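Notes for the one structure printed next.
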Amino acid sequence: MRFTQRLFEKVSDIWGQTHQHPFVVGMGTGELPIESFIRYMKQDYVFLIDYSKLFAMGAVKATDLETMAAFAKLLDETLHGEMDLHRQYAERFGITHQQLEETKPTPINLAYTRYMLNVAQNGSLAELVSALLPCMWSYWEISKVLATNYPDAIEHLLYGEWVKMYSSDEFGSLATWLIDLLDRLAKGKPERELAILEEHFLTTSRFEYMFWDMVYQGGEWPV
């Protein structure tokens with residue numbers, strides 16, 4: 001069994017609950033409140049600023065030029081592809097680029113990104129990938145589920161662009177590269193090291209669910 005298949009099975013309950021979260025389902029049905037989506041778009045934008053740093057750190061930790069180049073591509077696609085989608089949405093809502101970048105992360109957002117950055121700074125390349133992979137992989141899975149279960153979702157005037165981007169072959173190829181990379185990095189490792197990778201993967205998968213819940217219900221600093 002591939003190591004990522006083991007992870008996929010381990011995380012099935014968490015991801016299953018994520019797929020049924022009212023925010024995710026609401027994008028599929030088109031019934032998601034706009035204010036929740038605006039909150040998501042702003043919080044995810046500042047999340048992606050830190051997430052991009054993980055790809056830069058991946059290039060630093062890589063031991064061959066091919067892997068370095070792939071991380072550089074992921075960094076570019078995030079900064080100029082994924083974040084452009086957020087900037088386009090912000091423009092539709094009358095939110096400036098400066099306002100986007102000045103968004104203060106919520107406690108869950110901050111805890112999530114700091115967990116990944118800590119793993120990236122102090123762990124191996126395999127640990128870095130295991131911590132960042134749930135975000136990309138689960139987005140790809142969510143968007144494919146939405147496109148399948150709600151055929152009209154991809155044409156929705158507001159949420160359709162989100163479903164279209166994350167269910168695309170282009171985004172899927174980036175996620176697949178990370179999946180394959182983790183399998184290569186995990187090959188031959190003893191169980192004690194694989195258990196650490198699994199724990200990172202499960203932890204950030206839980207953070208992904210908490211992020212969706214936070215942007216749906218709100219989750220600002222209480223004081």
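Everything quoted here is computed from the prediction, not taken from an experiment. Values reported hereafter were calculated over all heavy atoms of this structure, with side chains retained and with hydrogens, waters and symmetry mates removed. Numbers for residues simply follow the sequence, beginning at 1.
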If you compare all heavy atoms of [X] against all heavy atoms of [Y], which two are closest, and at what distance to 0.1 Å?
| X | Y | result |
| --- | --- | --- |
| Thr103 | Val46 | O-CG1, 3.4 Å |
| Leu182 | Ala126 | CD1-O, 3.7 Å |
| Leu197 | Ala186 | CD1-CB, 4.3 Å |
| Ala120 | Leu128 | CB-CD1, 3.6 Å |
| Ala153 | Gly28 | CB-O, 3.6 Å |
| Trp140 | Ser168 | NE1-O, 4.2 Å |

Check the hydrophobic clustering (I, L, V, M, F, W, Y; side-chain heavy atoms under 4.5 Å; chains of links allowed) and say if [X] and [Y] are grouped together.
| X | Y | value |
| --- | --- | --- |
| Ile108 | Tyr209 | no |
| Ile196 | Leu181 | no |
| Val60 | Met116 | no |

Give the intermediate values and the outcome of side-chain contact (heavy atoms from CB on, under 4.5 Å) for residues Phe23 and Gln217. CA-CA 9 Å; Phe23 189 107; Gln217 302 191 45; over 6 Å; no

Kindly determine whether Met57 and Leu117 satisfy side-chain contact (heavy atoms from CB on, under 4.5 Å), including the steps that lead there. CA-CA 9 Å; Met57 295 172 73; Leu117 288 169; 4.3 Å; yes

What's in the same ILVMFWY side-chain cluster as [X], cut-off under 4.5 Å, chained through other members?
| X | answer |
| --- | --- |
| Leu157 | none |
| Leu65 | Met68 |
| Trp221 | Leu110 |

Which pairs, with at least one residue in [range] and sequence neighbours excluded, count as a salt bridge (charged side-chain N to carboxylate O under 4.0 Å, His left out)?
| range | result |
| --- | --- |
| residues 58-70 | none |
| residues 10-35 | Lys10-Glu198 |
| residues 82-110 | Asp84-Arg87 |
| residues 176-192 | Arg2-Asp180, Arg2-Asp183, Arg6-Glu191, Lys189-Glu193 |

Are the side chains of [Y] and [X] in contact, using a 4.5 Å heavy-atom criterion?
| X | Y | answer |
| --- | --- | --- |
| Leu132 | Phe55 | yes |
| Ile38 | Ile95 | yes |
| Ile14 | Phe201 | no |
| Tyr45 | Leu48 | no |
| Glu208 | Tyr139 | yes |
| Gln17 | Trp212 | no |
| Leu100 | Met83 | no |
| Arg39 | Thr106 | no |

Can you tell me how far apart [atom1] ([X]) and [atom2] ([Y]) are? Round to the nearest 0.5 Å.
| X | Y | atom1 | atom2 | result |
| --- | --- | --- | --- | --- |
| Leu7 | Leu202 | CG | CG | 7.5 Å |
| Phe211 | Ser138 | CZ | OG | 11.0 Å |
| Glu199 | Thr204 | CD | OG1 | 10.0 Å |
| Leu174 | Asp169 | CG | CG | 11.0 Å |
| Tyr112 | Met210 | OH | CE | 11.0 Å |
| Ile34 | Tyr159 | CD1 | OH | 5.5 Å |

Side-chain donor/acceptor of Ser130 to backbone N/O of Glu127, under 3.5 Å: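 A pair under 3.5 Å: yes.
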
Got a donor-acceptor contact below 3.5 angstrom from the Ser143 side chain to the Ser167 backbone?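 Checking the backbone N and O of Ser167 against the side chain of Ser143, a donor-acceptor pair under 3.5 Å is found.
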
Taking only residues two or more places apart in sequence or in another chain, which ones pass side-chain contact (heavy atoms from CB on, under 4.5 Å) with Thr113?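 If we apply the side-chain contact (heavy atoms from CB on, under 4.5 Å) test to Thr113, skipping adjacent residues, the hits are Phe47, Asp50, Asn109.
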
Sequence neighbours excluded, which residues qualify as side-chain contact (heavy atoms from CB on, under 4.5 Å) partners of Glu161?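 By the side-chain contact (heavy atoms from CB on, under 4.5 Å) rule, Glu161 matches Leu85, Tyr89, Lys164.
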
Qualifying ring-ring contact (aromatic ring centres under 6.0 Å, His included) pairs, either residue in residues 167-196, two or more places apart: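 Found Phe71-Trp177, Tyr166-Phe171.
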
Would you list the pairs meeting side chain to side chain donor-acceptor pair (under 3.5 Å) in which at least one residue belongs to residues 68-81, sequence neighbours left out?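 Matches after skipping sequence neighbours: Asp76-His80.
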
Quick one: which of Trp162, Trp137, Trp15 gives a side chain to side chain contact (heavy atoms under 4.5 Å, CB included) with Ile142?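 Exactly one candidate clears the test, Trp162.
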
Picking from Val25, Val145, Val163, what satisfies side chain to side chain contact (heavy atoms under 4.5 Å, CB included) with Tyr150?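 Checked Val25, Val145, Val163 against Tyr150; only one passes side chain to side chain contact (heavy atoms under 4.5 Å, CB included): Val25.
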
Quick one: ring-ring contact (aromatic ring centres under 6.0 Å, His included) partners of His19, sequence neighbours excluded?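 His19 satisfies ring-ring contact (aromatic ring centres under 6.0 Å, His included) with no other residue.
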
Evaluate the side-chain contact (heavy atoms from CB on, under 4.5 Å) criterion for residues Leu74 and Leu178: first the C-alpha distance (whole Å), next the side-chain angles of each, then the deciding distance (0.1 Å), finally the verdict. CA-CA 10 Å; Leu74 281 163; Leu178 281 171; 4.0 Å; yes

Would you please classify the geometry between the His86 ring and the Tyr40 ring as parallel, tilted or perpendicular, with 30° and 60° separating the classes?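 Tilted.
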
Checking side-chain contact (heavy atoms from CB on, under 4.5 Å) for the pair Met41/Phe93: CA distance, chi angles, key distance, verdict? CA-CA 10 Å; Met41 182 265 303; Phe93 296 125; 3.8 Å; yes

